[in-house]
4 protein chains.
Amino acid sequence: MQVTVTEAARRKQITEAATEVIAAAGYQRASYARIVEHAGLSSTRLISYHFRDKNDLMMAVLIAAIGTVDERMTARLDGVTDRVGMLRGYIEAQVDLLRTHPAQVKVIREIAQNLPDLAPVLADFRVGRLARQLTQGQREGVFAEFDVRVMARTIASGIDGADSEDYGRELADLFIRACVG
Amino acid sequence: MQVTVTEAARRKQITEAATEVIAAAGYQRASYARIVEHAGLSSTRLISYHFRDKNDLMMAVLIAAIGTVDERMTARLDGVTDRVGMLRGYIEAQVDLLRTHPAQVKVIREIAQNLPDLAPVLADFRVGRLARQLTQGQREGVFAEFDVRVMARTIASGIDGADSEDYGRELADLFIRACVG
Amino acid sequence: MQVTVTEAARRKQITEAATEVIAAAGYQRASYARIVEHAGLSSTRLISYHFRDKNDLMMAVLIAAIGTVDERMTARLDGVTDRVGMLRGYIEAQVDLLRTHPAQVKVIREIAQNLPDLAPVLADFRVGRLARQLTQGQREGVFAEFDVRVMARTIASGIDGADSEDYGRELADLFIRACVG
Amino acid sequence: MQVTVTEAARRKQITEAATEVIAAAGYQRASYARIVEHAGLSSTRLISYHFRDKNDLMMAVLIAAIGTVDERMTARLDGVTDRVGMLRGYIEAQVDLLRTHPAQVKVIREIAQNLPDLAPVLADFRVGRLARQLTQGQREGVFAEFDVRVMARTIASGIDGADSEDYGRELADLFIRACVG
DNA sequence: AATGAATGAGTCTTCATTCAT
DNA sequence: TATGAATGAAGACTCATTCAT
């Protein structure tokens with residue numbers, strides 16, 4: 001029995017299944033066989049047909065995850081002009097994402113760890129928005145003098161360790177002290 | 001041609017080769033074949049002879065790496081009683097390790113990521129010494145009130161992102177501000 | 001050069017080759033390599049493709065063997081109502097199977113010996129039909145009083161040692177004496 | 001630490017360990033590694049030193065098992081002249097051996113199954129004594145006319161299936177009926 | 001747009017045996 | 001008499017990809 005759907009719908013089905021498999025089992029264990037099983041597809045051939053190779057699939061998964069995360073962050077921080085409020089909002093929003101979109105967050109980390117070539121691109125994605133806000137804050141005299149790149153990366157890596165909303169609030173307190181100095 | 005060396009020497013040769021392979025290629029790609037090639041051994045059977053299984057080998061690699069790192073840290077911080085000086089010394093020493101013992105540091109991270117059962121033990125190894133110092137500092141009134149667990153984990157993850165001595169100094173400044181408040 | 005046949009045909013080819021290998025070399029020595037060689041296949045990967053794992057293959061082999069044996073026995077004994085005639089027919093038919101379908105008979109024994117979990121199921125297959133007939137014969141007063149389970153198992157194991165039609169006839173005489181008493 | 005014992009004592013230690021391993025795990029799984037572990041020896045090299053190869057070890061194991069079994073049977077049947085009593089005694093003594101010397105009985109079967117070259121020799125060992133008694137019984141007119149070889153083999157294989165003393169008694173009844181006719 | 005079938009390379013582990021004291 | 005160390009071959013199984021419709 002041969003079920004035919006549109007190219008776009010099939011690609012989405014596969015990337016979503018791949019996202020869940022990567023989040024649950026890790027990048028290395030996300031084999032075609034496991035993805036096919038999770039998605040209920042007929043054979044791995046279906047993946048090979050819709051994606052050039054495994055790297056192509058992973059890029060699609062990554063782009064989708066980044067899109068989702070970016071959208072959520074933009075929605076959360078839109079209109080916030082207060083620098084300190086922005087910093088707290090950024091950290092708490094990121095921590096909140098771990099709860100609301102765990103698969104997407106996990107996928108971004110997994111791919112970053114396992115495809116080192118992407119590290120710089122992903123680093124900028126994770127840190128760019130924050131760094132710009134920190135620089136603005138320094139210009140306005142709200143934040144002390146510090147190396148913006150170091151601060152942004154430290155905040156980002158600190159967020160990765162969070163496991164609860166309380167942790168997020170404590171983290172925000174910590175970095176507000178460090179930034180306002 | 002059969003070359004015979006002592007058990008201890010052979011085990012050390014293999015664990016060192018494995019350490020380098022893990023650091024260079026990652027835990028998942030550290031196959032017996034790659035380790036044997038890197039060490040110039042005759043066959044993978046030599047690893048199976050000296051280690052019960054792959055997990056046994058990885059434990060030996062991990063213990064060696066932890067031993068090296070722990071020894072360096074103890075040597076660096078021995079005799080430092082000033083709390084703020086200790087905090088700076090801890091961070092800078094850790095960052096320095098990334099340069100002087102990159103393979104050992106990488107191995108500890110790789111194994112922690114890929115053997116989740118060990119995560120709690122390794123977390124304590126990475127964070128325990130620091131957390132005790134922070135708590136002491138709070139009792140002495142040198143450090144402000146903050147969640148020691150969050151602070152220690154944030155410092156540890158911040159260190160992982162460092163890539164130079166300058167970065168280490170800036171990180172120390174950052175966390176001294178956050179701790180002294 | 002890639003030769004493509006249907007799933008069913010390939011499975012049959014593999015199970016038949018496996019049957020012959022098990023019969024000739026024993027369960028333990030029936031490796032994928034030997035089966036592939038016997039069947040003239042390109043690589044062991046072909047077996048892994050068509051069967052989930054080795055146990056899956058062995059179950060397919062066993063089911064085929066049981067099917068063949070059961071079909072032959074049913075054909076031989078269909079319509080026989082005379083209890084003593086049935087007993088003789090059963091024993092001689094079983095002995096005859098050793099000559100006409102040696103591989104199937106050998107496979108059932110080998111798998112029973114090497115997969116102890118299946119022993120009860122196979123024991124029932126080997127002994128169930130016979131035990132029912134013996135019980136009926138006792139009810140009808142044709143057979144003496146004896147433990148049906150012991151008798152059926154003894155008959156079955158006696159058959160295993162047979163090596164000729166004469167042996168089969170002698171065996172039938174023996175057990176008719178033992179049953180009629 | 002090097003412990004030195006006599007050749008004979010060491011061979012006995014190894015054959016006994018091998019006997020237990022074969023009985024517990026089967027012939028195929030009785031590897032040098034498992035035997036060494038069971039016996040608490042320092043390395044597999046000790047086996048290679050005392051036995052030419054694995055076949056040599058297995059012969060030693062088999063001879064020891066046969067010796068034990070033969071001795072018990074001789075003790076049990078010595079002085080029994082009554083033919084029918086001898087037949088019952090033989091069957092019940094064999095079934096009793098399954099309980100008192102399970103390892104030795106298991107070893108003989110395992111080796112017979114896995115070393116087909118020995119089958120004739122072992123068949124004679126298992127069947128010879130019994131066949132001679134049956135022939136004598138026929139000459140004395142106590143037993144009916146039947147093929148002694150078939151009867152002896154059937155009795156022997158019937159015994160293999162026994163699992164209790166009751167089973168043994170029932171088996172003796174069965175074969176007395178079949179022999180006395 | 002989809003599929004069934006096939007594949008070579010690679011994974012770790014176990015095996016009995018041999019080398020060299 | 002004993003031992004530590006080393007070994008090549010073989011075991012089942014998984015991988016992403018390609019062939020051929």
Side-chain angles (χ1 to χ4, degrees), chain A residues 1-7 9-11 28-36 41-55 57, chain B residues 1-11 28-35 41-55 57, chain C residues 1-11 28-35 41-57, chain D residues 1-7 9-10 28-36 41-55 57:
Chain A
M1 180 196 53
Q2 188 166 313
V3 179
T4 297
V5 301
T6 64
E7 164 80 15
R10 190 60 95 190
R11 281 180 65 99
Q28 300 277 357
R29 303 176 59 82
S31 67
Y32 279 21
R34 267 183 263 266
I35 294 167
V36 155
L41 301 174
S42 60
S43 98
T44 62
R45 187 64 185 79
L46 205 57
I47 301 181
S48 297
Y49 181 73
H50 289 282
F51 297 89
R52 199 179 334 103
D53 56 20
K54 196 171 190 185
N55 195 62
L57 169 60
Chain B
M1 179 197 52
Q2 184 169 311
V3 179
T4 297
V5 301
T6 64
E7 163 84 13
R10 190 63 93 193
R11 278 181 67 99
Q28 300 276 359
R29 303 177 60 81
S31 68
Y32 279 20
R34 265 184 263 266
I35 294 167
L41 301 173
S42 59
S43 98
T44 62
R45 185 63 181 80
L46 206 55
I47 301 181
S48 296
Y49 178 71
H50 289 282
F51 297 89
R52 199 178 333 103
D53 54 23
K54 196 169 189 183
N55 194 61
L57 169 61
Chain C
M1 179 198 51
Q2 184 170 311
V3 179
T4 297
V5 301
T6 63
E7 163 83 14
R10 190 64 93 191
R11 278 180 68 99
Q28 299 278 358
R29 303 178 60 80
S31 68
Y32 280 19
R34 265 183 264 265
I35 294 167
L41 301 174
S42 60
S43 97
T44 63
R45 185 64 183 79
L46 206 54
I47 301 180
S48 297
Y49 178 72
H50 289 281
F51 297 89
R52 199 179 334 100
D53 55 22
K54 196 169 188 181
N55 194 61
D56 188 30
L57 170 60
Chain D
M1 181 195 54
Q2 188 166 312
V3 179
T4 297
V5 301
T6 64
E7 165 78 16
R10 189 63 94 191
Q28 299 278 358
R29 303 176 59 81
S31 66
Y32 279 21
R34 266 183 262 267
I35 295 168
V36 155
L41 302 174
S42 60
S43 97
T44 62
R45 187 64 185 78
L46 205 57
I47 301 181
S48 298
Y49 182 74
H50 289 280
F51 296 90
R52 198 179 335 101
D53 55 21
K54 196 171 188 183
N55 194 62
L57 169 61

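Per chain, numbering begins at 1; letters A, B, ... match sequence-line order.
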May I ask you to evaluate whether [X] reaches the phosphate of [N], defined as a side-chain N or O under 4.0 Å from OP1 or OP2?
X	N	result
C/S31	F/dG11	yes
B/R10	F/dA6	yes
B/Y32	E/dT11	no
A/S43	E/dT3	no
B/R29	E/dT11	no
C/H50	E/dA6	yes

For the pair made of [atom1] in [X] and [atom2] in [N], what is the distance, rounded to whole Å?
X	N	atom1	atom2	result
A/R45	E/dA6	CZ	P	15 Å
A/I35	F/dA16	CD1	P	8 Å
A/R52	F/dA16	CZ	P	17 Å
C/F51	E/dA6	CZ	P	12 Å
C/L41	E/dA6	CG	P	9 Å
D/I47	F/dA2	CD1	P	13 Å
B/K54	E/dT11	NZ	P	8 Å
C/E7	F/dA20	CD	P	19 Å

Would you give the length of the straight line joining atom [atom1] of [X] to atom [atom2] of [Y], rounded to the nearest 0.5 angstrom?
X	Y	atom1	atom2	result
B/S31	B/K54	OG	NZ	6.5 Å
B/L57	B/I35	CG	CD1	5.0 Å
C/D56	C/F51	CG	CZ	6.5 Å

- With the side chain defined as heavy atoms from C-beta on, A/T4 is closest, among E/dT11, E/dA1, F/dA2, to E/dA1

- Student check: side-chain heavy atoms of C/Y49 and C/R10 closer than 4.5 Å: no

- How is A/R34 classified with respect to the nucleic acid when contacts are heavy atoms under 4.0 Å: base, sugar-phosphate, or nothing? sugar-phosphate

- When all nucleic acid strands are considered with a 4.0 Å heavy-atom cut-off, which category describes B/S48: base, sugar-phosphate, or nothing? base

- Query: Across all strands, who's sitting opposite E/dA1 as a Watson-Crick or G-U wobble pair, both distances under 3.5 Å?
  - Reply: none

- Pair assignment for E/dA20, Watson-Crick or G-U wobble, requiring both distances under 3.5 Å: F/dT3

- For A/H50, which of A/E7, A/R45, A/R11 qualifies under side chain to side chain donor-acceptor pair (under 3.5 Å)? A/E7

- Message: Please report the distance separating the C1' of E/dA1 from the corresponding atom of F/dA20, rounded so that it comes out in whole Å.
- Response: 16 Å

- Message: By nearest heavy atom, map A/T44 and D/L46 onto DNA chain F; which one lands nearer the 5' end?
- Response: D/L46

- Note on the structure: Between B/Y32 and B/D53 the two heavy atoms that sit nearest each other are OH-C, 3.4 Å

- Side-chain donor/acceptor of B/Y49 to base of F/dA5, under 3.5 Å: yes

